[in-house]
J.: 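Sharing a structure, written as structure tokens. Questions coming.
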Amino acid sequence: MAIRSLASRRTLAGLKETSSRLLGLRSIQTFTLPDLPYDYSALEPAISGEIMQIHHQKHHQAYVTNYNNALEQLDQAVNKGDASAVVKLQSAIKFNGGGHVNHSIFWKNLAPVKEGGGEPPKGALGGAIDTHFGSLKVLVKKMSAEGAALQGSGWVWLGLDKELKKLVVDTTANQDPLVTKGGSLVPLVGIDVWEHAYYLQYKNVRPEYLKNVWKVINWKYASEVYEKECK
């Protein structure tokens, strides 16, 4: 009877351990590469199909994979109470998580010309751009200049400061999301100025890429985000 009781306790303990592991795995949020709402070649000639395919399938996928791996390692470190490992993982989470967040926005910020890409913003966002920058032309010139001047790799953004209720232009280094510049900032348009976004087509002439990318900017999407966040 004692042997049976001991065996039962061991079995129960094993089941609890297995259950805990399964529950732990379920608690980890995993992320997947989003599908593009257009073909890779749909943004030509502004952005080549080859660039779009490599950018999406290779670069963005790498951020997603590394982000999921870092989150899994973080979960393990937290469960072990390994504070040093938790701190060490923060840079990988920020970089790869930021890469996933930024690129997910970037794909939505682009649209084929035949689907409205490049058409000037209308409605509330169009009016706000005129109010804060004078005109769309001035805004485009400002963002292009700041994107071209950004040292190394990063992003140039048009954002909404919900606290100040105004539009802002800012840049972030590497894969830092716009929110790292302020918790009240909401990205409306983000342009990737990493070389992988343009080098195969534009070589090292970033200003030429920044000149042409506006031809496929999806202002309709930016307007929808702006109107939603202004409510």
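Because the structure is predicted, anything quoted here is derived from the model rather than measured. Hydrogens, waters and symmetry mates play no part in the numbers below; they use all other heavy atoms, side chains included.
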J.: Any salt bridge linking Lys181 with Asp170? Criterion: basic side-chain nitrogen under 4.0 Å from a carboxylate oxygen.
T.: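 Salt bridge flag = yes for Asp170 with Lys181.
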J.: First locate atom CG of Asn96, then atom OG of Ser91, and finally report the distance between them rounded to the nearest 0.5 Å.
T.: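 Asn96 CG to Ser91 OG: 9.0 Å, rounded to 0.5 Å.
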J.: Any side-chain heavy atom of Ser104 sitting closer than 4.5 Å to one from His60?
T.: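 Answer yes - side chains close enough.
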J.: Can any side-chain N or O of Arg206 pair as donor or acceptor with the backbone N or O of Tyr198 at less than 3.5 Å?
T.: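 Not a single qualifying donor-acceptor pair exists.
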J.: Looking only at side-chain N and O atoms, does Asn68 offer a donor or acceptor that is under 3.5 Å from a partner on Thr30?
T.: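 No pair is found: no donor N or O on one side chain lies under 3.5 Å from an acceptor on the other.
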J.: Report yes if some heavy atom in the side chain of Lys108 is under 4.5 Å from a heavy atom in the side chain of Asn218; otherwise report no.
T.: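 They are not in side-chain contact.
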J.: With sequence neighbours excluded, what pairs up with Gln151 under the side chain to side chain contact (heavy atoms under 4.5 Å, CB included) test?
T.: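 By the side chain to side chain contact (heavy atoms under 4.5 Å, CB included) rule, Gln151 matches no residue at all.
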J.: When you group the ILVMFWY residues by side-chain heavy-atom contacts below 4.5 Å and let the links chain together, are Leu71 and Val78 in the same group?
T.: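 Yes, Val78 and Leu71 fall within the same hydrophobic cluster.
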J.: Please identify each residue that fulfils side chain to side chain contact (heavy atoms under 4.5 Å, CB included) with Gln61, with sequence neighbours left out.
T.: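 Side chain to side chain contact (heavy atoms under 4.5 Å, CB included) list for Gln61, sorted by chain: Leu33, Val64, Thr65.
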J.: Between Asn66 (side chain) and Ala62 (backbone), is there a donor-acceptor pair under 3.5 Å?
T.: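 Checking the backbone N and O of Ala62 against the side chain of Asn66, a donor-acceptor pair under 3.5 Å is found.
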J.: If you take all heavy atoms of Pro177 and Gly98, which pair is closest and at what distance?
T.: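 In this case the closest contact between Pro177 and Gly98 is CG-CA, 3.8 Å.
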J.: Passes side-chain contact (heavy atoms from CB on, under 4.5 Å), Ile191 versus Val189? Steps please.
T.: CA-CA 7 Å; Ile191 298 178; Val189 174; 4.2 Å; yes
J.: Between the side chains of Glu119 and Lys220, is the shortest nitrogen-to-carboxylate-oxygen separation below 4.0 Å, so that they form an ion pair?
T.: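 Salt bridge between Lys220 and Glu119, a charged N being under 4.0 Å from a carboxylate O: no.
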J.: Lys211: what forms a side chain to side chain contact (heavy atoms under 4.5 Å, CB included) with it, not counting sequence neighbours?
T.: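 Side chain to side chain contact (heavy atoms under 4.5 Å, CB included) list for Lys211, sorted by chain: Glu208.
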J.: Does the side chain of Tyr63 come under 3.5 Å of the side chain of His103 through a donor N or O and an acceptor N or O?
T.: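 On atom types as modelled, these side chains do not qualify, holding no pair under 3.5 Å.
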J.: Scan side-chain atoms only and decide if His55 and Trp194 contain a donor-acceptor pair under the 3.5 Å cut-off.
T.: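 No pair is found: no donor N or O on one side chain lies under 3.5 Å from an acceptor on the other.
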J.: So which heavy atom on Leu178 is nearest to which on Gly159, and how close?
T.: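 Looking at all heavy atoms of both residues, the closest pair is CD2-CA, 3.9 Å.
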J.: Do the side chain of Asp39 and the main chain of Ser41 share a donor and acceptor less than 3.5 angstrom apart?
T.: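 Such a contact is absent between Asp39 side chain and Ser41 backbone.
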J.: Please examine the side chains of Asp192 and Asn102, heavy atoms only from C-beta on, and report whether any two atoms are closer than 4.5 Å.
T.: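 They are not in contact (no side-chain heavy atoms under 4.5 Å apart), so the answer is no.
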J.: Can you pull the side-chain hydrogen bond (donor to acceptor under 3.5 Å, both in side chains) pairs that have at least one residue in residues 131-149, sequence neighbours excluded?
T.: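 Applying side-chain hydrogen bond (donor to acceptor under 3.5 Å, both in side chains) to every pair that reaches into residues 131-149, excluding sequence neighbours, yields Lys142-Glu146, Ser144-Trp214.
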J.: Can you tell me which residue among Leu160, Val168, Val179 is in a side-chain contact (heavy atoms from CB on, under 4.5 Å) with Leu185?
T.: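 Between Leu185 and the candidates, side-chain contact (heavy atoms from CB on, under 4.5 Å) is satisfied uniquely by Val168.
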J.: List the steps and the verdict of side chain to side chain donor-acceptor pair (under 3.5 Å) for Thr171 and Trp157.
T.: CA-CA 6 Å; Thr171 59; Trp157 301 93; over 6 Å; no
J.: Do Leu188 and Val216 sit in the same hydrophobic cluster, where Ile, Leu, Val, Met, Phe, Trp and Tyr count as joined when their side-chain heavy atoms come under 4.5 Å apart?
T.: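 Yes; Val216 is reachable from Leu188 via cluster members.
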J.: Could you measure the distance from the OG atom of Ser153 to the CG atom of Asp176? Nearest 0.5 Å is fine.
T.: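 The OG atom of Ser153 sits 11.5 Å away from the CG atom of Asp176.
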J.: Contact between Leu210 and Met143 at the side-chain level, heavy atoms closer than 4.5 Å - yes or no?
T.: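 In short, these two side chains do not touch, never coming nearer than 4.5 Å.
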J.: For the residue pair Trp155 and Phe106, does the interplanar ring angle fall in the parallel (under 30°), tilted (30 to 60°) or perpendicular (over 60°) class?
T.: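 Ring orientation of Trp155 relative to Phe106: perpendicular.
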J.: In Å and rounded to the nearest 0.5 Å, what is the CD1 to NZ distance from Ile93 to Lys88?
T.: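 One gets 13.0 Å once the value is rounded to the nearest 0.5 Å.
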J.: Nearest 0.5 Å please: distance from the CD atom of Glu227 over to the CD atom of Glu224.
T.: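 Reported value, rounded in 0.5 Å steps: 8.0 Å.
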J.: Applying side-chain contact (heavy atoms from CB on, under 4.5 Å) to Leu36 and Met52, what does each step give before you reach the verdict?
T.: CA-CA 10 Å; Leu36 297 189; Met52 289 298 297; 4.0 Å; yes
J.: Between Gln175 (side chain) and Gly154 (backbone), is there a donor-acceptor pair under 3.5 Å?
T.: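 Such a contact is absent between Gln175 side chain and Gly154 backbone.
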J.: Please report the closest heavy-atom contact between His100 and Pro34, naming both atoms and the distance.
T.: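 Heavy atoms of His100 and Pro34 come nearest at CE1-CD, 4.1 Å.
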J.: Any side-chain heavy-atom pair from Pro112 and Leu43 closer than 4.5 angstrom?
T.: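 In contact.
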J.: How far apart are the C-alpha atoms of His56 and Trp107, what are their side-chain angles, what is the distance that settles it, and do they pass the side-chain contact (heavy atoms from CB on, under 4.5 Å) test?
T.: CA-CA 9 Å; His56 180 248; Trp107 308 135; 3.8 Å; yes
J.: Could you go step by step and tell me if Ile217 and Leu110 meet the side-chain contact (heavy atoms from CB on, under 4.5 Å) rule?
T.: CA-CA 5 Å; Ile217 290 296; Leu110 303 173; 4.1 Å; yes
J.: Taking side chain to side chain contact (heavy atoms under 4.5 Å, CB included) as the test, write out the residues that go with Ile54, two or more places apart.
T.: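 Residues passing side chain to side chain contact (heavy atoms under 4.5 Å, CB included) with Ile54: Glu50, Lys58, His59, Leu200.
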J.: State which residues pass ring pair (Phe, Tyr, Trp, His ring centres under 6.0 Å) with Tyr38; sequence neighbours excluded, sorted by chain then number.
T.: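 Once residues adjacent in sequence are excluded, Tyr38 has no partner under the ring pair (Phe, Tyr, Trp, His ring centres under 6.0 Å) criterion.
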J.: Is there a donor-acceptor pair closer than 3.5 Å between any side-chain N or O of Asp161 and the backbone N or O of Lys166?
T.: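 Not at all, since once roles are kept as given, no pair shorter than 3.5 Å links the two residues.
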J.: Counting C-beta onward and ignoring hydrogens, is there a side-chain heavy-atom pair between Leu164 and Ser184 closer than 4.5 Å?
T.: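 Counting from C-beta outward, Leu164 and Ser184 never come under 4.5 Å.
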J.: Do you know which two heavy atoms are closest between Leu136 and Trp219, and how far apart they sit?
T.: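 Result for this residue pair: CD1-CZ2, 3.6 Å.
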